[in-house]
Number of protein chains: 2
Amino acid sequence: MLSLTRKTEYALIAVCHLAHVGQKVVSAREIAEQHGMPLPLLMNVLKKLNRTGHVRSIRGARGGYVLAVSPEEFTLDALIEAVEGPVHLVRCTNADINGRKCTLANPCPIRKSVRKVHELLRELLNRITVADFAYVEPEAAQSSAKAVAQ
Amino acid sequence: MLSLTRKTEYALIAVCHLAHVGQKVVSAREIAEQHGMPLPLLMNVLKKLNRTGHVRSIRGARGGYVLAVSPEEFTLDALIEAVEGPVHLVRCTNADINGRKCTLANPCPIRKSVRKVHELLRELLNRITVADFAYVEPEAAQSSAKAVAQ
DNA sequence: TGAATATAGCATCGGACCGGTACGATTTCA
DNA sequence: TGAAATCGTACCGGTCCGATGCTATATTCA
Ligand code: FES
Ligand code: FES
């Protein structure tokens, strides 16, 4: 399917929001309302990001979330892995998926090449960071374009 | 989910097989048996590739399939689009998905950046061709590695 | 101290889509 | 004519995402 899940989309927006406000504590409700996201879904995502240590949670009244890592070091690859688990391009890139091993005639002819593609994808995702997404409000996406381009 | 479907996996192996034998006609059964793939699934995939014109089908006894495009011009992007439809990284990269428009507060702050990432992914997929996958049997994947690397 | 706020954790449910199967029709060759 | 092979379509089950609900816990504030 080669697409990001909606959770990753929510996570990306939320993390950008947190990066934008700096060290101020922002509640999930506030983020959700500001971007038209369903609150419970966003909370699920933020809980996961809290467990992986990418955001810090403050409970209680006037609580909320704060970004726990610097936007420049928070890669898209890490965000995806935190929210939706490790990336499996196809079965044979990662040893086995859900304990089931590949049933094709091993090794299949595309095995090595597909791993190479997998590595290229990971490299791409590791070059992109949250800092590339944050702070680009309306049309000034040039800084992002430059940073991402290579 | 950021992963290829199993259909794409089958398609990739089959197309590599066809590229490997040149212009010889090979039946779906033969390809399936040789790589331990379920025959009906492979046929479904080959039908799609036939409709998109990437392989040519010959019906009847002693029929089968022949690659209809050169491996060097058959990009991974085209193969994915043929088998599983166009790539949608997230909702806002392609205008609308299944007729449903994005319900987030428009435009969301990550809109421009995510499109840029989408473009980078498409570029990566367009640099990789079937020729990079074919002809790498056991361990001699160096030619592929080189061709893919940049 | 008590009420309000806000996150943590878990469990559940519905729907979409992939993976797989089945059947009949069509075409070609022996 | 019969066997081999593709073509088209339809169907079914499993998995996983998207979404919802409830309870527990921690903090703030009156
Ligand atoms: S798909 Fe299993 S080894 Fe390549
Ligand atoms: S997710 Fe809809 S505009 Fe970006």
Side-chain angles (χ1 to χ4, degrees), chain A residues 1-11 14 18 25-33 36-66 68 80 83-88 90-91 97-100 102-104, chain B residues 1-11 14 18 24-33 36-53 55-66 68 80 83-88 90-91 97-100 102-104:
Chain A
M1 275 177 315
L2 210 54
S3 68
L4 299 176
T5 68
R6 204 168 286 196
K7 285 180 203 160
T8 308
E9 207 172 324
Y10 295 151
L18 292 178
V25 177
V26 186
S27 72
R29 175 186 307 273
E30 196 173 339
I31 300 177
E33 283 176 356
M37 291 185 278
L39 175 59
L41 269 291
L42 175 62
M43 294 189 69
N44 282 340
V45 170
L46 286 172
K47 285 178 213 170
K48 286 192 178 183
L49 288 176
N50 178 48
R51 260 171 276 174
T52 59
H54 290 106
V55 304
R56 189 165 57 87
S57 70
I58 294 108
R59 303 223 270 194
R62 299 197 47 192
Y65 293 92
V66 181
I80 293 174
V83 174
E84 55 182 279
V87 173
H88 300 266
V90 295
R91 283 174 289 180
I97 176 167
N98 283 356
R100 298 190 305 266
C102 167
T103 59
L104 293 187
Chain B
M1 275 180 313
L2 210 54
S3 68
L4 300 175
T5 68
R6 204 167 288 197
K7 285 177 202 163
T8 308
E9 206 172 324
Y10 294 152
L18 291 178
K24 209 178 76 174
V25 176
V26 185
S27 72
R29 176 187 306 274
E30 195 173 340
I31 300 176
E33 285 176 354
M37 292 186 279
L39 174 59
L41 269 291
L42 174 62
M43 293 187 71
N44 281 340
V45 170
L46 286 171
K47 284 178 219 170
K48 287 192 179 184
L49 289 176
N50 178 48
R51 258 171 280 173
T52 59
V55 304
R56 188 165 57 87
S57 68
I58 293 108
R59 304 226 269 195
R62 296 196 50 193
Y65 292 91
V66 181
I80 293 174
V83 173
E84 54 182 277
V87 174
H88 299 267
V90 297
R91 284 175 288 179
I97 176 167
N98 284 356
R100 298 188 304 265
C102 167
T103 58
L104 294 185

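A quick note: this is a predicted structure, and the numbers were derived from the prediction, not measured. First the proteins, then the strands, lettered A, B, ... as listed; each starts at 1. These numbers come from the heavy atoms of this one structure, side chains and all, not from hydrogens, waters or symmetry mates.
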Closest to the side chain of B:Ala61, out of C:dT21, C:dT7, D:dA4, is D:dA4
Heavy-atom nearest nucleotide on DNA chain C taken for B:Leu41 and for A:Leu39; more 5' hit belongs to A:Leu39
Testing D:dT20, C:dT26, C:dG19 for proximity to the side chain of B:Arg59, the answer is C:dT26
Have a look at A:Asn44 and say if it touches a base, only the backbone sugar-phosphate, or nothing, with a 4.0 Å heavy-atom cut-off. base
Atom CZ of B:Arg51 and atom C1' of D:dT6 are separated, to the nearest Å, by 12 Å
In whole angstroms, the gap separating P of C:dT28 from CZ of B:Arg56 amounts to 13 Å
Side-chain contact check for A:Ser57: nearest option of D:dT6, D:dA19, C:dT7 is C:dT7
Here the distance between atom P of D:dC17 and atom CG of A:Leu2, to the nearest Å, is 15 Å
Nearest-nucleotide check on DNA chain D, A:Tyr10 vs A:Ile58; residue mapping nearer the 5' end is A:Tyr10
note: B:Leu4, atom CG; C:dG19, atom P; distance rounded to Å ~ 10 Å
When rounded to whole Å, the CG to C1' distance for the pair A:Leu18 and C:dT7 reads 14 Å
Winner on side-chain proximity to A:Ser27, out of C:dT7, C:dC18, D:dC7, is C:dT7
Please determine if a side-chain N or O atom of A:Asn50 lies less than 4.0 Å away from the OP1 or OP2 oxygen of C:dA8.
-> yes
*asked:* Strictly below 4.0 Å: does A:Arg62 bring a side-chain N or O up to OP1 or OP2 of D:dT27?
replied: no
B:Arg29 side chain near D:dA4 phosphate (N/O to OP1/OP2, under 4.0 Å):
no
Shortest non-hydrogen pair, A:Leu46 vs A:Ala28, comes out as CD1-CB, 3.8 Å
Separation between CZ (A:Arg29) and CG (A:Leu42), nearest 0.5 Å, reads 11.5 Å
So do A:Leu4 and B:Leu2 actually touch side chain to side chain, heavy atoms under 4.5 Å?
yes
With the side chain defined as heavy atoms from C-beta on, A:Lys47 is closest, among D:dA5, C:dA8, D:dC7, to C:dA8
Rounded to whole Å, the CD-P distance (A:Glu9 to D:dG18) equals 9 Å
Rounded to whole Å, the CE-P distance (A:Met43 to C:dT5) equals 14 Å
Whole-Å distance, A:Leu42 CG to D:dT20 P, equals 13 Å
A:Val90 versus B:Thr8: any side-chain heavy-atom pair under 4.5 Å?
no
Against the side chain of A:Arg6, the closest entry in D:dG18, C:dA30, C:dG20 is D:dG18
Q.
Side chains of A:Lys7 and A:Asn44, heavy atoms from C-beta outward: is any pair under 4.5 Å?
A. no
